[in-house]
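A quick write-up on the structure given underneath.
Labels below follow one simple rule: chain letters A, B, ... track the order of the sequence lines, proteins then strands, and each chain is numbered from 1. Heavy atoms only: backbone and side chains are in, while hydrogens, waters and symmetry mates are out.
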Amino acid sequence: MSFKLSEGALSVILAGGNVDDPVMQILGHKKIAGTSSTTGSDRFRLLVSDGRHLNSFAMLATQLNDKVTSGELSDFTVIQITRYITSMVTNSDKGDKRVMVILDVKILALGTEVGFKIGNPKPITEGTEVETGGLKQPPPSRPVQPRSSTNLVNSSAPVLSSPGSSVNTHPISSLSPYQNKWVIKARVTSKSPVRTWANARGEGKLFSIDLVDESGEIRATAFKEQCDKFYDMIEVNKVYLISRCTLKTANKKFTNIKNDYEMTFTNDTQMIPCHEDTTDIPSLTYNFIPINTLAGLETNALVDLIGVCKSSGEVQSLISRNTNRELKKRDVTLVDESNTSVSLTLWGNQAEEFDGSLQPVLAIKNGRINEFGGGKSVSLMQSSVFQINPDITEAHKLRGWFDNVGSTQEQESLSSRTGMAGGALSSNWMTFKEVQENQLGCGEKPDYFTSVATVLLVRSENSLYKACPTAECNKKVIDQNNGMYRCEKCNREYPNFKYRLLLSVSLGDLSGNQWVTCFQEVAEVVLGTTSQEIGDMFHDDKQFREVFYKAAFKTYTFRLRAKMENYNDENRLKVTVVDAKPLNVQEYNARLITEIKEMAGVGNSAK
DNA sequence: CCCCCCCC
């Protein structure tokens with residue numbers, strides 16, 4: 001990067017003249033403690049160079065002090081002084097002197113990026129001639145773009161006015177928040193759907209794209225107006241010329257795109273399709289890691305993976321606990337040359353359309369690590385890229401390994417085996433005493449366990465409520481006593497409602513007892529009837545109570561979820577029934593016999 | 001300015 005300083009600007013300014021937006025280089029700074037007239041805080045004096053002269057009487061406005069402390073105004077930094085004033089001060093031994101107060105600056109290049117003194121500037125001495133040679137016009141006030149080949153650079157930021165023309169572009173890796181004059185030529189490697197949000201800070205919509213060129217990759221996000229303006233125009237795999245986005249520090253928590261920054265579209269953002277030859281722009285870059293290294297990574301970390309889909313499960317349907325919406329998912333098993341396997345979860349259409357029968361190679365960019373039952377798995381997200389049999393060397397290599405070696409080997413699994421009946425990790429059989437001893441539910445996420453237990457008591461009070469009739473909302477409605485029922489969540493009234501159950505049940509097993517909560521579907525199993533029927537008999541107290549009495553002393557295999565909750569500074573284990581199946585006595589006995597044999601060492605010695 | 005991404 002080369003920068004042209006506004007040579008001669010200092011002598012003009014110090015002679016009382018004006019130069020618009022001069023570009024200067026900082027060559028030093030000095031703290032003058034507690035000298036700000038307004039705040040009494042520190043002030044900084046800067047040694048600035050216009051490439052021809054040095055001047056150490058530039059003072060920095062105190063509101064810009066943080067730019068010094070943050071290092072943005074370190075030595076060799078090139079700045080554009082966008083606002084300044086000069087004034088005369090009386091200096092006791094040197095007479096009157098003009099000083100420059102810098103009110104606002106634009107950082108064009110950080111000192112660490114520039115790294116040297118530009119030109120050979122000399123101090124302005126008393127009586128330095130004001131060189132009037134070029135002063136009818138102000139000195140060049142803009143940095144000259146490196147090796148410009150177009151007319152893009154005459155404004156403060158490039159305008160992409162002529163699509164397809166030869167544009168001098170910048171590598172993605174050179175982008176930073178300190179330089180806004182760039183054009184990149186980049187391929188869109190992924191594009192998210194438009195998503196809306198609403199929170200305390202406001203609402204809006206957005207989408208993100210990932211961009212790549214030969215130097216690197218970066219994520220760009222368009223909000224609101226820009227979202228509408230650009231969404232339809234942008235196509236994955238196409239190459240665009242892009243300029244005038246703002247850059248900010250990327251949060252690695254949300255992407256593993258290799259860039260410290262991410263871009264945000266602005267009103268001025270230009271993005272136009274590139275009609276030149278784009279074969280030199282790469283299509284997608286992965287940062288694959290071996291599957292076995294997942295074990296050492298944190299939950300929720302984002303990773304790029306490649307593996308052979310050794311097996312694939314069925315599509316499963318489930319109801320999201322957060323949204324009440326139906327979700328479709330499919331778990332597949334990925335293996336690679338580290339001879340390790342991990343479960344990968346596909347969602348929605350990707351889950352439904354996936355065909356694993358030919359054991360394809362799958363490449364994932366930006367997959368998310370999940371943890372369940374002590375195992376690790378990877379889940380696809382909206383922002384993930386998912387490729388089946390990609391035409392890349394890693395995929396071909398993996399294919400060769402799998403067909404020759406991997407397919408016949410047993411891989412060590414990082415994931416809990418949810419498909420295996422009786423698999424210790426997935427079932428997690430526990431008595432209620434063991435649940436306490438093992439402090440289940442004390443982690444950040446809930447713990448799941450399975451228990452054989454008997455219903456001791458079902459509370460009938462407040463067990464039935466009138467709920468919102470819409471499929472996805474089960475909120476309690478308010479009876480308006482005029483034939484209408486109001487749902488606060490939907491913010492509307494309905495002429496009808498549906499009955500739903502929310503049961504408190506005391507369960508007992510051989511070790512103790514535990515109060516649990518059963519929602520609608522499970523509650524109907526436990527009560528042996530439907531919520532509608534119970535609602536219909538609500539006014540017949542005897543019949544109503546009878547249902548609850550009859551539920552007692554039945555034994556089930558319960559799938560339970562435990563999470564510690566805090567009420568008025570008191571911790572209480574909240575246990576919810578996820579599933580209740582009538583006890584299968586044969587299976588239960590078989591398991592007990594196996595456990596007894598293990599405890600007695602009978603199984604081992606019998607071998 | 002989002003940052004939710006679901007389930008066992």
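- With salt bridges taken as basic N to acidic carboxylate O contacts below 4.0 Å, none links A:Glu314 and A:Lys328.
- Regarding contacts with the backbone of B:dC7, every side-chain N or O of A:Thr345 stays at 4.0 angstrom or more from both OP1 and OP2.
- Across all strands, A:Glu262 comes closer than 4.0 Å to base atoms (heavy-atom distances).
- Each of B:dC6, B:dC3, B:dC7 was ranked by its minimum atom distance to the side chain of A:Tyr448; first place goes to B:dC7.
- Rounded to whole angstrom, the span from the CG atom of A:Asn324 across to the P atom of B:dC4 amounts to 19 Å.
- Listed candidates were B:dC7, B:dC8, B:dC3. Nearest to the side chain of A:Phe254 is B:dC3.
- In this structure, A:Ser384 reaches neither bases nor backbone, as no heavy-atom distance under 4.0 Å exists between it and the strands shown.
- The interatomic distance linking A:Arg561 (CZ) with B:dC6 (C1') rounds to 13 Å, in whole Å.
- Nearest nucleotide to the side chain of A:Arg201, out of B:dC2, B:dC7, B:dC8: B:dC2.
- Contacts of A:Lys205 with the nucleic acid, taken as non-hydrogen atoms under 4.0 Å apart, are absent.
- When distances run from any side-chain atom of A:Trp197 to the nucleotides B:dC6, B:dC5, B:dC3, the shortest one goes to B:dC3.
- One atom, CE of A:Met381, and another, P of B:dC6, lie 8 Å apart when rounded to the nearest Å.
- The CG-C1' distance, from A:Asp331 to B:dC6, rounds to 13 Å in whole Å.
- Here A:Phe372 lies parallel enough and close enough to stack on the base of B:dC8, with planes under 30° and ring centres under 5.5 Å apart.
- The separation between A:Ile319 atom CD1 and B:dC6 atom P is 16 Å, rounded to whole Å.
- Without hydrogens or angle criteria, A:Arg187 side chain to A:Pro282 main chain gives a donor-acceptor distance under 3.5 Å.
- Taking atom CD of residue A:Gln316 and atom P of nucleotide B:dC8, one finds them 10 Å apart after rounding to whole Å.
- Remark: A:Lys191 is positioned above the aromatic ring of A:Tyr231, its terminal NZ or CZ atom under 6.0 angstrom from the ring centre and at most 45 degrees off the axis.
- A:Lys563 and A:Asp447 are not joined by a salt bridge, as no carboxylate oxygen comes within less than 4.0 angstrom of a charged side-chain nitrogen.
- Although no hydrogens or angles enter the test, the distance criterion places no donor-acceptor pair under 3.5 Å between the side chain of A:Thr323 and the main chain of A:Ser320.
- Put simply, the side chain of A:Ser384 never gets that close to the backbone of A:Ile364: no donor and acceptor are under 3.5 Å apart.
- Rounded to whole Å, atom C1' of B:dC8 lies 14 Å from atom CG of A:Asn322.
- In terms of phosphate contacts, A:Arg330 brings no side-chain nitrogen or oxygen within less than 4.0 Å of OP1 or OP2 of B:dC7.
- Of the candidates B:dC6, B:dC5, B:dC2, the closest approach to any side-chain atom of A:Ser320 belongs to B:dC6.
- The distance from atom CG of A:Asn366 to atom C1' of B:dC2 is 14 Å, rounded to the nearest whole Å.
- Residue A:Lys329 is classed as a base contact, given a heavy-atom separation below 4.0 Å to a base.
- Across all strands shown, A:Arg325 has no heavy atoms under 4.0 Å from either base or sugar-phosphate atoms.
- Each of A:Glu371 and A:Ser383 was assigned the nucleotide of DNA chain B with the nearest heavy atom; the assignment lying further toward the 5' end belongs to A:Ser383.
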